[in-house]
Amino acid sequence: MVQVIAPVLPLEVDIFDVNLYRAANPDLANLSNAQAFAHFQSTGIDEGRTFSFIFDFDFYRQANPDLANRNNRELFAHFEAFGLDEGRNASAFYDREFYRQSILDTNATFFTDNFNTTDSFNRQLAQDFVTRLNAGLTVPSTGGGTTQINPSPYIDIQFYLNNNSDLREANFTARQALEHLKLVGVNENRIFSLIFNSEFYLENNQDLLNAGLTSLQGLEHFEIQGIEEGRRPSLLFDTAFYRDNNLDLRERGLDNRELVNHFLLTGLPDEGRLSSVYFDPNGIDSLLLNVTPPTNDDGNADGGQQTFPADNLLEPKRRWATPVNGVLTYSFVTEASAFLYEGTESGVGEVSDRIKNNVRQVMAEYNKILPFDVVEVPDRPPNVGQIRILFSDGPNYAYAYEPGLGVGGDVHLSRDFENDPNQAFSSNPGTLGYETLIHEIGHALGLKHPNNYPGADLNPTETIGEQMPFLPLFRDNNTNTVMTSSNNLVGVGASTPMPYDVRALQFLYGFSDSNSGNNLYSFDGSNFIGVKQTIWDAGGIDTLDFSGLPTNESYFFDLNEGGQNTARSALNGSTYITETLVVDENGELAVDQNQQLVVERNGPFATNSYTTAIAFGVTIENLIGTPVNDEILGNNADNIIAGGDGADLITGSKGNDTLTGGAGSDTFVLAATDGGDIITDFTNEVDLIGLSSLQFEDLLIQGGSDTTIRLRATGEVLAILVGVPEVAIARDDFTLV
C-alpha cells in the first residue's frame with residue numbers, strides 16, 4: 001500500500017485571518033472567504049495589506065534591519081522560509097516566546113501532549129495561536145479547568161474588555177476584541193495593558209511625539225526598540241524600578257524583555273511584586289469598586305482574610321464608559337428641574353451660587369487628571385449631566401451614588417450646615433466642606449472609601465459599600481486620599497484630589513496629558529503654607545520654584561513620585577486616631593452582645609499638616625529652593641537643583657544632577673550608583689560632601705582645576721566639583737549622613 005503524505009500548506013493558509021482581512025480593508029468587505037484569500041495571494045501581499053495577527057509587513061521590516069530593502073512579497077517569503085523558525089517576531093499582536101511561556105505556566109505538559117516532533121515547533125505554535133484565538137484563547141490547566149492567556153506581554157485581552165464596557169456589553173469574543181484593538185482601540189488610546197500605555201509613551205518621549213507617531217506606531221516602536229533602550233512604557237510598569245528593587249532578578253541578569261515576562265507570569269500573580277512606584281495594587285484597589293463584589297475562599301463577599309489584591313484589581317470596576325478624549329458631563333439641579341428628580345429623596349433643590357463655584361473649581365481639578373473633558377451642561381430633564389449636584393433631605397451631611405444610569409453619579413448635599421464655616425459646602429478650600437465636595441465627586445466618578453467607617457454617610461441603597469482590600473490605617477488620611485473618613489482629615493482639608501486618588505482614577509480611566517509642556521510651578525505663602533494639594537504633570541521639563549516662600553520656616557522638598565513638599569513644622573506635624581468597623585471571620589460586620597457594630601480605634605498616626613504632593617507617575621526635573629534652610633531630595637531624572645541661601649542638605653539621588661548650594665553652609669550627599677553630579681559652587685571650609693553608606697577611604701580624589709570624586713573600587717564618578725582644585729579637598733570636607 002502506498003502511504004499518502006498530506007502536502008505542507010503555505011504558511012499564509014495557516015495564519016490568514018479572513019475576517020481581519022475584510023475588516024481592515026473595507027473595499028474588500030463583500031468578498032467571500034475564497035475571493036478574499038485569492039485577492040490576498042494575488043494582490044494583497046504586494047500591497048502590504050493587513051491579513052494576520054501574527055505577521056505585519058511594516059513591523060517585520062522595522063524589526064529586522066537586514067530585510068529593510070526587500071519588497072513585501074520577498075519579506076513574507078523570508079518569514080515563511082526562515083523567520084518563523086528563527087523565532088523572529090513579526091507583529092505587535094503576537095509574541096512567540098511570551099505565548100509559549102504562558103502556555104507552559106498553565107500546562108507544563110501541553111507541548112509534549114499536543115505537538116509532534118517532526119514539524120516546526122514555531123509553526124505549530126502559530127497554528128495553535130490562530131486556532132485558540134478563534135476559540136477564546138484558553139488553555140487546559142494542569143490542575144483542571146481552563147485559563148485564558150494572552151498573545152503578547154503588552155496586550156491583555158480580558159483587561160481590555162474589563163476597561164471598555166461597550167465591548168464587554170457587546171459580548172466580544174477574544175478574537176473580536178483583538179481585532180478591535182488592532183484596527184481601532186490602540187489609536188483611540190483605550191486601556192489594554194498593565195505594561196503599555198500609548199499616550200503615556202508618546203507624551204514622555206518627545207522624539208516620538210515630534211516624529212508624529214500614532215499610538216499604534218508607538219506600541220510597535222516600544223516592542224521593537226523602546227524596550228531595548230529602557231524607555232518606560234507606562235505609569236504601571238517601570239523596567240528600571242523592577243530590576244533595581246528585585247535583587248534576585250538583577251543578579252540573574254534578566255534583560256528588559258525577560259523582566260516584563262517575569263512580572264506578568266510570576267512576579268505579579270504569584271509573588272505580588274511591585275513594578276513601579278506608581279503601581280501599588282493594594283493602594284489602588286482600596287479605592288475602586290468591583291462590578292461584582294470579590295469573594296474569599298469560602299464564597300463570602302468581602303471575606304475577612306485579605307489576600308494580595310492583584311486578582312481583584314484586574315476585575316471590571318464601577319466607572320463611566322467615557323472614552324479617552326471623550327466628555328463627561330455634570331449639571332446642577334435647578335428649582336425648575338427639582339420636581340422631576342427621579343430619586344427617592346425629598347426636599348430636592350438647587351444649591352447656592354457659592355457651592356456651584358466650588359464645584360466648578362473641584363471639577364477643574366478632576367479635569368486635570370482625567371483623560372477626558374469634564375464639562376458643565378444645563379440641567380433640563382431629560383437632558384441632564386451624568387453627575388448632578390443637588391440639595392436634598394436624604395443625607396445627614398452628604399452622599400453620592402456610584403456611576404450609572406438614573407440617579408447614578410448624583411451628589412446629595414444637606415442644607416443644614418451652611419452656617420458652619422468649616423462644614424459649609426460653600427466654604428473655601430482647606431475646610432471640611434470643600435474637601436467633602438472633592439470626596440463626594442470622587443464617589444460619583446467611581447472611588448470608594450478605603451476602609452469601613454462607622455457612621456459613614458452612605459446613600460440609601462448603600463451602593464458605595466466597602467470592599468476589601470483596605471488601605472493600611474497609617475496611610476488612611478487626607479494627605480494620601482480625600483476618600484478617607486472625615487475623622488482622618490488631618491491638619492487642613494485638601495483642595496485637590498490627593499496622590500492616591502489621582503493614581504486610582506488614572507488606573508480606572510487612563511493617563512491624562514494635562515500639563516505636558518515645560519511648566520514652572522511658583523510658590524509663595526498663599527499657595528503653599530496651609531495648603532494640601534497635589535501636582536499632576538504629564539511631561540516636559542518642569543521646575544518647582546520655592547524661592548518666594550516665607551523665611552520664618554525651614555523646608556523639606558522631595559521631587560520623587562508621591563513626594564511631599566512642606567515646611568519642617570508641618571512634616572508629620574499632625575496626628576489622628578482611626579475608627580473602623582470590625583469584619584468578622586465570616587466577612588460580616590461584627591456586632592457586640594448588644595447587637596451594636598463593633599468599632600475599633602487605632603493610632604495615633606502622624607501625617608503632614610499641609611503639603612504639596614507630587615502625584616505618582618510625575619517627573620519634575622528641576623527645583624529652586626528658598627532663602628532659608630532646605631532639605632532637598634532629587635529623583636531619578638537629571639535634576640538641576642539650586643538650594644538658594646541658607647544651610648541646605650541636597651541629595652541629587654540617581655541621575656547626573658547639577659547642584660548649586662547658594663550662599664550658606666551646604667551639604668551635598670553622594671552615594672554609589674547615584675550617578676555623577678556636577679556641584680557648581682562648592683566652597684572649601686564652608687560646604688561639605690555628605691557620604692551615604694560610604695567612607696572617606698572608599699574615594700579616589702583627582703583633578704586639576706576641577707576635582708573629580710570617584711569610587712576607588714570601580715572608578716565610578718560620584719561628583720565633579722567645578723572650579724575646586726584637588727589640593728583643596730581633604731578628609732575634613734566630608735561627613736557621614
Side-chain angles (χ1 to χ4, degrees), residues 14-15 53-55 59 63 79 83-117 119-133 135-160 174 178 181 192-196 219 222-224 226-228 233-234 236-237 239 242-243 246 248-275 279 308 310-311 314:
D14 291 332
I15 69 172
F53 295 109
I54 289 176
F55 185 88
F59 186 99
F79 180 67
L84 184 61
D85 287 332
E86 292 170 355
R88 301 196 192 201
N89 283 337
S91 167
F93 293 84
Y94 173 74
D95 184 296
R96 177 195 60 83
E97 177 57 25
F98 182 80
Y99 183 69
R100 182 192 71 83
Q101 191 59 54
S102 297
I103 292 177
L104 274 181
D105 279 10
T106 301
N107 188 328
T109 63
F110 179 86
F111 295 121
T112 55
D113 294 343
N114 295 282
F115 281 25
N116 64 60
T117 58
D119 292 339
S120 159
F121 177 87
N122 286 341
R123 178 160 179 163
Q124 291 180 83
L125 193 66
Q127 292 170 328
D128 179 85
F129 169 69
V130 171
T131 302
R132 203 164 299 283
L133 177 62
L137 262 186
T138 59
V139 173
S141 302
T142 301
T146 61
T147 299
Q148 185 164 52
I149 58 175
N150 287 305
S152 160
Y154 316 111
I155 294 169
D156 186 321
I157 292 177
Q158 190 59 52
F159 193 54
Y160 186 54
L178 195 61
L181 178 64
F192 61 88
S193 172
L194 281 176
I195 301 296
F196 188 82
L219 173 62
F222 176 72
E223 291 198 38
I224 293 170
I227 188 170
E228 301 289 353
S234 73
L236 297 174
F237 191 82
T239 313
Y242 196 59
R243 179 186 289 110
N246 292 284
D248 58 323
L249 306 184
R250 189 165 73 244
E251 291 178 343
R252 285 165 57 184
L254 299 187
D255 64 26
N256 290 347
R257 295 182 191 277
E258 291 168 333
L259 287 170
V260 170
N261 290 357
H262 179 277
F263 171 68
L264 290 175
L265 298 175
T266 304
L268 177 64
D270 299 332
E271 299 165 351
R273 303 197 193 207
L274 304 185
S275 58
F279 188 57
F308 181 71
D311 291 338
L314 304 183

Could you work out, with side chain to side chain contact (heavy atoms under 4.5 Å, CB included) as the rule, every residue matching Arg252, not counting sequence neighbours? Leu249, Leu254, His262

Using ring pair (Phe, Tyr, Trp, His ring centres under 6.0 Å) as the criterion, list what pairs up with Phe222, not counting sequence neighbours. Tyr154, Phe196, Tyr201

Sequence neighbours excluded, every pair satisfying side-chain hydrogen bond (donor to acceptor under 3.5 Å, both in side chains) that has a member inside residues 144-153: Ser141-Thr147

Within the side chain of Asn246, is there an N or O that forms a donor-acceptor pair under 3.5 Å with the backbone of Asp248? no

Atom pair CZ/OG1 of Arg257 and Thr239 - distance to nearest 0.5 Å: 10.5 Å

Rounded to the nearest 0.5 Å, the CD atom of Glu271 sits from the CZ atom of Phe263 at a distance of 11.0 Å

Does either side chain, that of Gln101 or that of Asp105, offer a donor lying less than 3.5 Å from an acceptor on the other one? yes

Hey, could you give me the CG/CZ distance between Leu84 and Phe55, rounded to the nearest 0.5 Å? 10.5 Å

Rounded to the nearest 0.5 Å, how far does CZ of Phe115 lie from CG of Leu125? 5.0 Å

Quick one, Asn114 with Gln124, criterion side chain to side chain contact (heavy atoms under 4.5 Å, CB included). Give me CA distance, side-chain angles, the key distance, then yes/no. CA-CA 10 Å; Asn114 295 282; Gln124 291 180 83; over 6 Å; no

Can you tell me how far CG of Leu264 sits from CD1 of Ile195, rounded to the nearest 0.5 angstrom? 4.0 Å

Verify whether one side chain among Asn107 and Thr109 offers a donor that lies under 3.5 Å from an acceptor in the other. yes

Stepwise side chain to side chain contact (heavy atoms under 4.5 Å, CB included) check, Ile54 with Tyr99: CA-CA 12 Å; Ile54 289 176; Tyr99 183 69; over 6 Å; no

For Arg243 and Gly253, indicate whether the former's side chain and the latter's backbone hold a donor-acceptor pair under 3.5 Å. no

With distance as the sole test, does Thr138 use its side chain to make a donor-acceptor pair with the main-chain N or O of Ile149 at under 3.5 Å? no

Measure up the Tyr94 and Phe129 rings against each other and bin them: parallel (under 30°), tilted (30 to 60°), perpendicular (over 60°). tilted

Specify whether Tyr242 and Phe237 have parallel, tilted or perpendicular ring planes, treating 30° as the upper limit for parallel and 60° as the lower limit for perpendicular. tilted

Leu133 vs Pro151 side-chain heavy atoms within contact, under 4.5 Å: no

Establish, from distance only, whether the side-chain atoms of Asn122 and Arg100 form a donor-acceptor pair under 3.5 Å. no

Atom CD1 in Ile103, atom CZ in Phe110: separation rounded to 0.5 Å? 5.0 Å

Go through Asp14 and Gln127 one step at a time and tell me if the side-chain hydrogen bond (donor to acceptor under 3.5 Å, both in side chains) criterion holds. CA-CA 6 Å; Asp14 291 332; Gln127 292 170 328; 2.9 Å; yes

